[in-house]
Number of protein chains: 2
Amino acid sequence: MTNTRYTVAIHVLTLLAYAGPEALTSEYIAGSVNTNPVVIRRILAGLREAGLVRSQGGPGGGWQLLRAPEAVSLLDVLRAVDTEASFPLHATPPNLACPVGRSIQAILTGHFHTAQAAMERELARVSLRDLLEGVKAQPA
Amino acid sequence: MTNTRYTVAIHVLTLLAYAGPEALTSEYIAGSVNTNPVVIRRILAGLREAGLVRSQGGPGGGWQLLRAPEAVSLLDVLRAVDTEASFPLHATPPNLACPVGRSIQAILTGHFHTAQAAMERELARVSLRDLLEGVKAQPA
DNA sequence: CCAATTCGAAACCATCATGGTTACGGATTG
DNA sequence: CAATCCGTAACCATGATGGTTTCGAATTGG
């Protein structure tokens, strides 16, 4: 999994929280992330669908955070980008004539879900505000 | 991450545990997983480096589990295949001239590590023996 | 010693996800 | 009306992944 969208999404949301009510353009944001504005718009489009941000066209437009930073958890962001962080099963279905092949997927699904849930519990404990505090505590 | 090696590794190890002391050939194992023998050998080569299995060439050869099923956890398997399950950071380094860009990676690394650790704690609680019991409890 | 078996490893390929880029239309602002 | 900015499609290079073929080497057992 070399999918960096989750990290970029968190970065961008933290930047928006840092900026407060001011709208930031995708070009400006891309300057902080160090990538292309279209990449930023793609990711922010998903976050908009999740109700986390809004966009505004035209001069003076850009992107704004719709919730208070303490009301957005890292789990919220994960759900918004939906980068299926779980464990993928087999590429091709196992042999159903084999006792192990027949049942392994159902068994693993349960255990993977439990592990995933434990991870999500931790992500739910961290908010954008926590990240902001970390950023501001940074030495110049 | 559409990396199925972890799931296949667990499947194969469960199959070896199911077979007991008998050695299974990569071709036989591939029949259960429903893939190519070389794919199986590739994955098992990694598990051998981790000390989980051994291989034997020639007629009557094949693969055997080196530990008791209850002594192999899903976390052991994850470490063995080392499919960096964590969250990748930025594709290109963020802009260090931006306060958020400068500090976001270090901050996220800590939180990601905490979440990853919680997931691994759950994986450590499940052993191959648990999976075997699930397989054997399966209706014919 | 020989033949069959099995792994080991390299090489190659098709497929797919990803991030980056260009381009252009549409909406908004002033 | 002109400038700004998003929305979206299209295209591309890159890399990871799983599958496949092939051949050599080691081992086993007659």
Side-chain angles (χ1 to χ4, degrees), chain A residues 1-9 11-12 16 19 22-49 52-64 66 81-95, chain B residues 1-9 11-12 16 19 22-49 52-64 66 81-95:
Chain A
M1 172 191 260
T2 37
N3 184 332
T4 65
R5 284 194 285 261
Y6 183 39
T7 291
V8 172
H11 179 156
V12 171
L16 290 178
E22 183 187 2
L24 303 183
T25 70
S26 61
E27 188 177 351
Y28 176 88
I29 297 171
S32 171
V33 177
N34 200 14
T35 183
N36 192 287
V38 175
V39 174
I40 298 297
R41 279 183 239 151
R42 274 207 282 248
I43 293 174
L44 279 171
L47 301 181
R48 182 183 48 209
E49 281 180 34
L52 295 181
V53 298
R54 76 184 195 100
S55 63
Q56 178 75 20
W63 299 82
Q64 289 166 307
L66 279 181
V81 298
D82 189 52
T83 174
E84 26 104 17
S86 188
F87 303 94
L89 295 175
H90 300 66
T92 140
N95 185 349
Chain B
M1 170 197 251
T2 36
N3 184 332
T4 65
R5 284 195 285 261
Y6 183 39
T7 291
V8 172
H11 179 156
V12 172
L16 291 178
E22 184 188 0
L24 303 183
T25 69
S26 60
E27 188 176 351
Y28 176 87
I29 297 171
S32 171
V33 177
N34 199 17
T35 184
N36 192 287
V38 176
V39 174
I40 298 297
R41 277 183 239 149
R42 274 206 282 246
I43 293 173
L44 278 171
L47 301 181
R48 182 183 47 210
E49 281 180 33
L52 295 181
V53 299
R54 76 184 195 100
S55 63
Q56 176 76 20
W63 299 83
Q64 289 167 305
L66 279 181
V81 298
D82 189 49
T83 173
E84 26 104 15
S86 188
F87 303 94
L89 295 176
H90 299 66
T92 138
N95 185 350

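Each chain gets a letter, A, B and so on, in the order the sequences are listed, and its residues count up from 1.
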Distance test, side-chain N/O of [X] to OP1/OP2 of [N], below 4.0 Å:
| X | N | value |
| --- | --- | --- |
| B:Arg5 | D:dT17 | yes |
| B:Thr35 | D:dG18 | no |
| A:Ser55 | D:dC6 | no |
| B:Thr92 | C:dG20 | no |
| B:Thr25 | C:dT6 | no |
| A:Thr4 | C:dG19 | yes |

### Residue of the set B:Ile40, B:Val81, B:Ile29 for which side-chain contact (heavy atoms from CB on, under 4.5 Å) holds with B:Val8
B:Ile40

Under the rule for side chain to side chain contact (heavy atoms under 4.5 Å, CB included), what residues qualify as partners of [X], not counting sequence neighbours?
| X | value |
| --- | --- |
| A:Arg48 | A:Ala45, A:Val53, A:Ser55, A:Trp63 |
| B:Thr7 | A:Leu89, A:His90, A:Leu108, A:Phe112 |
| B:Gln64 | B:Ala23, B:Arg54 |
| B:Asn36 | B:Val38, B:Val39 |

What is the distance, to the nearest angstrom, from the [atom1] atom on [X] to the [atom2] atom on [N]?
| X | N | atom1 | atom2 | answer |
| --- | --- | --- | --- | --- |
| A:Arg41 | C:dT21 | CZ | P | 13 Å |
| B:Ile29 | C:dG8 | CD1 | P | 11 Å |
| A:Asn36 | D:dT8 | CG | C1' | 14 Å |
| A:Glu27 | D:dA3 | CD | C1' | 14 Å |
| A:Tyr6 | C:dT18 | OH | C1' | 19 Å |
| A:Glu49 | D:dG7 | CD | C1' | 12 Å |
| B:Leu44 | C:dA9 | CG | P | 13 Å |
| A:Leu16 | D:dC6 | CG | C1' | 14 Å |

### Task
To the nearest 0.5 Å, tell me how far A:Leu44 CG sits from A:Leu16 CG.
6.5 Å

### Query
Do B:Thr4 and A:Thr92 touch side chain to side chain, with heavy atoms closer than 4.5 Å?
no

Dump every N/O contact between nucleotides 26-30 of chain D and the protein below 3.5 Å, one line per pair.
unit_1	atom_1	unit_2	atom_2	d
D:dT27	O3'	B:Gln56	NE2	3.4
D:dT28	OP1	B:Gln56	NE2	2.8

### Task
For A:Thr25 and A:Gly61, work out which heavy atoms get closest and say how close.
CG2-O, 3.8 Å

### Summary
With sequence neighbours left out, the residues meeting side chain to side chain donor-acceptor pair (under 3.5 Å) with A:Asn95 are none

### Query
Residues in side chain to side chain donor-acceptor pair (under 3.5 Å) with A:Glu27, at least two apart?
none

### Query
A:Trp63 has a side chain; which of D:dG7, C:dG20, D:dG18 sits nearest to it?
D:dG7

Enumerate all atom pairs, one protein N or O and one N or O from nucleotides 10-14 of chain C, separated by less than 3.5 Å.
none

